[in-house]
Amino acid sequence: MYYGTVEPGRIELQTDGVIRSPHAKEYSAAKRMYGLVKSNLMWVMDMAAMGQPMTSHLSAELKRVE
């Protein structure tokens, strides 16, 4: 479950609780940020998993295709 803040052009979320299947790898917390930069959607995810502290995990830049 995520909670967070919404501002013009930016959304920040972090986990409040984590539920996973019995076969999933250990995952204890995450943070996500979505933002508009020069009309592109930027996305980053930090995650704490497998006994490691919160670190950068994934990121993406999504561009509109016309």
Find out if a path of hydrophobic residues (ILVMFWY) with successive side-chain heavy-atom gaps under 4.5 Å connects Val6 to Met45.
yes

Have Gln14 and Tyr2 got a donor and an acceptor in their side chains that come within less than 3.5 Å?
no

[atom2] on [Y] to [atom1] on [X], rounded to 0.5 Å:
X     : Y     : atom1 : atom2 : answer
Lys38 : Lys63 : NZ    : NZ    : 10.5 Å
Glu7  : Glu12 : CD    : CD    : 6.5 Å
Leu13 : Thr5  : CG    : OG1   : 7.5 Å
Ser28 : Gln52 : OG    : CD    : 10.0 Å
Met47 : Met54 : CE    : CE    : 9.5 Å

Check each of Ile19, Val18, Asp16 against Met1 using the side-chain contact (heavy atoms from CB on, under 4.5 Å) test, and report the only one that passes.
Asp16

Where Gly51 and Glu26 come nearest, the two heavy atoms and their spacing
N-OE1, 3.0 Å

Taking all atoms of both residues into account, what is the closest heavy-atom pair of Val44 and Ser59, and its distance?
CG1-CB, 3.8 Å

Going by heavy atoms in the side chains, are Arg10 and Met33 under 4.5 Å from each other?
yes

Atom CZ of Arg20 with >12 non-hydrogen neighbours under 6.0 angstrom:
yes

Side-chain (Glu61) to main-chain (Asn40) donor-acceptor, under 3.5 angstrom:
no

